[in-house]
Amino acid sequence: MKTKHLMISGLMIASISSCKKDDDLPQIPQPTINEGEVITTMTLTFTDQAAVQPTVTATFRDPDGEGGNGPDVFDAIRLAPGTTYNVSILLLNETESPADTISNEILEEDDEHLFCFTASGADVTITRTDTDGTYEVGLASQWVTGMAGNGTVTVVLKHQPGVKDGTCAPGDTDIEVEFVTEIQ
Amino acid sequence: MRFQIIILALLFIGWHPSHGQECTYTLKGTIKDTQSQLPLPFASIQCCVTGTPVLADINGNFRFDSLCKGWQTLVVHQLGYGADTFHIELQSDTIIQVYIESHAQMLDEFKVSEDHNDHEIASKQEIKEEMIAQYTGVDLGTLVSQLSGVQTLQTGNNVTKPVIRGMHSNRLIILIGGVRMEGQQWGSEHAPEIDPMNAEEIALIKGAGSLCYAPDAIAGLLLVEPATPQSEPGLQANMMLGGNSNGRAGTVSGSIAYRHPLLKKLGMRIQGTLRRGGNVHTPDHMLRNTGMKEHNFSASASWNDRIFSIDGFYSQFNTQIGIYSGSHTGNLTDLSKAINSPVPLETADFTYAINRPYQIAEHEISRIRTVIQMKKDHLLILQYDRQYNKRGEYDKHIPRNDSLAALNLPEVQLELTTHHASVRWEAAFTPQFTMESGVAGQSIGNTYEGKFFIPNYRRYQTGAFTVFRYQTKDETTRLEAGMRYDFIRQTPYMFQGGELISPTANYQGMAAQIQLTHRPSAYWSLSGELATTWRPPAINELFSDGLHHSAASVEIGNASLQPERSFNMAMIVGYQNKIFTATIEPYCNWFANYLYLSPDSLPTLTIRGAFPTFKYRETKALYYCVDARFNLLIAKWLDLRADLSVVRAFNLNEMEHIQMIPSDRVRTFAQFNLPVRWVVKSPFVRIGGMYVFEQKRVRDAVDFLPPPPGYFLMEAQADLGFQTKTGVIRTGVRVTNLLNTRYRDYMNRFRYFTNEIGRAVHLYIHVPLNNLNIQKSNQKPTT
């Protein structure tokens, strides 16, 4: 009789033991900082090559990253006509403190990234001026403005691991921001 | 609980080795009730697969003549005892005693009307072991969609969720071995984490029945019953193999069950399944990263005594599913490019390798249950179970930081742990009047790692329920009524503005159901049901906030949502004669408060661009549908079946149709039962077709792409069995999408990117290994 009961209890215990467990507690959520990969802020800095026009910046900032709230800073690009600007792009992750400079990581992995610029309506010609050794990157670029007018410029960052070919077609889009652009 | 059949001693008059069939043997005996030892008059007993059931006489005696030597299958059926199958090796003229035991002499809670030959005219539909074996390697959602009135919600080929009466996810409850599945079932890409190979029966109970388990089975209840150890002593094993040409997938599943010859009350079983598949292909392209792999395991042990039973169950489900890489898009521009491309953007050669993006899901269940017979016809059932569910989403995007990328962490990981306990009292006051009452409690804890989509939370639920069943003595009328009251307390833990908040919400409500079934004659059956159910808002409906990568949309919860309350009415009209069966089930459900995802007029602007935004809202809604199925036995060798389903759903406040509702469909097939030759048993060939209509009830502004056109699919199957010493081996081939049709289905999210998969040839074989010899029992004398 006893052996029977032992065997049964053994089986029962074996059957309710568990192999998998959650190591976290619900009442202690992890901090909202996520994996440090979020780009919250993009700032373009425009410096006149001829040092005549003032240096201007344009920033897009969405503090909650992919969360449901929109950007809290979304500047328009205001440039002077007939000017050649040297432009640099700064990318930050401001969910961390101090802010993490993502553009440095892009620089380190420049062979996997490409910035693409598309102007529409605004008279500006944009060329990338940096290189990863084979292809351009776009963290540094030159913008030549023509006549006064208004339009948009779309700045796209493509992540192209293993598929970078110099064009904007392959890869996934990490950034796509359409700036209102005023040349006046 | 299982109904047990205790087979008694037979007379062996030696054993004669023989070759070829000798069909001059007689099997006779008596069917009796174990407890009273009295014969069961007019119990139904069927012999030998193709035989028709006969009724025992007033003394419970039966007799079969001209039986062949070798293994025979007997099915005994009696109202109040259920049906059971057993195998007997016939060596000579044999006399047996069959004892049927029912723990409390009452009706199975889920059978509305039993015992009508093979055709069920009930709100219950079943998939039995034989069919599950034919679908070896097919996931639960696809398997269940073979039943009439069940559609699917898919995310590619590997993720399939069942849809019943147009509803799914939070409105459909799945029970496995008496445990309510708790995981992240709110997710449209979260398929049920269940291995159908472990089941001996999968039943679908439509409507708001099952108050014994939950108040919120609005669409219905899917019951998966894991196989239990056989009642005969000895070792039994099962092996199932399946292959699928599309994806070069293979499945191996096996189980071993043991009942000790001396400790007959102790039975044990272990089971396992392995599945592996590579990239699948549409008629024109092989899709990149669409493989999967799965390993599952379960074990059960039980001690069954008349007074006291205890059983334990443990199962583990582990899967890794490759998500078609072209479906993960960075933003709307990418999505647009994918949608407008005439060919899938990402194709590849065949490989079994699974790369990002992929999802992993793990589910572990442990359950212990005891049944105590307090006195005759009164049972006390105690149950405790624990579940653990883990889901990980590994996005296409690897972290930019190389050392971080090397860790291969999921972008989102959710872990849900559930503890549940219940006490139930089942009583049969008279054979006609039975009752089931109880209390149950549950606690859930959810945590996440990675990106925020839903918060951590704790959820406590307690409920009390009671269900009464009354059946007239002549068994033509049955009334079932039940009520349940629940208290639910849900507390999320999350950061808002850097501060940890935990806003608790309390919910309580009553659910009730009444159902009347009447059989005015042997041909007709009518059933009507009224019910009211409710469910609290789910955590994602309240607090989700974030970009849904694969949906390329932002979903935002609404913390002010109130519970969903619905009232439903269902009817079943059934007709049956010797050759024709028809069942028509109209249903309608009015939601006083329906929770749904509604498109917002303003998109959310993120650094990736603008995404359409959806917010959870409340409205009044009306669902109504009709499921119908017909079966015509033109001749013994030709069986025709047809079923159709129509679902409509309205958002009454906005006066528009609700989105993502399955379109109308019609399905028919013809089964040719071929004559038996040599050792081949019951071969058949089946050919069928399904037409799915275009879903016209949509709002273009809400969707990236208009619904795809209607389509027609054909399927064919050939199956046969071989009798062996250890059972009947069944094997067959089934071809789906026989015509290699190019089509897309509205309810598959991947319709934006690719066509559905092309022709697939499924092979299956089921080898039972039952080393059964009926042994002389030392319990009861023979006559």
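For clarity, every value in this text was computed on a predicted model and none was experimentally measured. Throughout, a chain's letter reflects where its sequence line sits, starting with A, and its residues are numbered from 1.
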*Drop me the distance from Lys21(A)'s NZ to Lys390(B)'s NZ, to the nearest 0.5 angstrom.*
13.0 Å
*If you round to the nearest 0.5 Å, how far is CD1 of Ile28(A) from OH of Tyr493(B)?*
10.0 Å
_Please check if the number of heavy atoms outside Arg489(B) that lie under 6.0 Å from its CZ is greater than 12._
no
*Relative to chain B, which segment of Thr40(A) carries a heavy atom at a distance below 4.5 Å: side chain, backbone, both, or neither?*
backbone
*Exam field: side chain Glu176(A) to backbone Arg608(B), donor-acceptor pair closer than 3.5 Å*: no
_Using 0.5 Å steps for rounding, measure from the OG1 atom of Thr606(B) to the CZ atom of Phe60(A)._
6.5 Å
*Nearest heavy-atom pair of Lys20(A) and Glu364(B): which atoms, and what distance?*
N-OE2, 3.3 Å
*Could you tell me which portion of Tyr388(B) (side chain, backbone, both or neither) has an atom closer than 4.5 angstrom to a non-hydrogen atom of chain A?*
side chain
*asked:* Less than 4.5 Å to any heavy atom of chain A: does that hold for the side chain of Asn318(B), its backbone, both, or neither?
replied: side chain
*Pair Gln27(A), Ser502(B): side-chain N/O donor-acceptor within cut-off below 3.5 Å*: no
*asked:* Is Leu500(B) close to chain A through its backbone or its side chain, or both, or neither, when contacts mean heavy atoms under 4.5 Å?
replied: side chain
*asked:* I want to check something: taking the side chain as every heavy atom from C-beta on, are Asp24(A) and Tyr448(B) in contact at a cut-off of under 4.5 Å?
replied: no
*Return yes when atom CD of Gln184(A) has more than 12 non-hydrogen atoms of other residues, nucleotides or ligands closer than 6.0 Å, and no otherwise.*
yes
*Using 4.0 Å as the upper bound for N to carboxylate O, is an ion pair formed by Asp334(B) and Lys158(A)?*
yes
*Could you grab the distance from atom CD of Gln30(A) to atom CD of Glu449(B), nearest 0.5 Å is fine?*
6.5 Å
*Looking only at heavy atoms, which two atoms of Asp174(A) and Ile607(B) are closest? And how far apart?*
O-CG2, 4.0 Å
*Side chain, backbone, both or neither: which part of Lys337(B) has a heavy atom under 4.5 Å from chain A?*
side chain
_Closest non-hydrogen atom pair, Pro26(A) against Thr447(B)_ = N-CG2, 3.6 Å
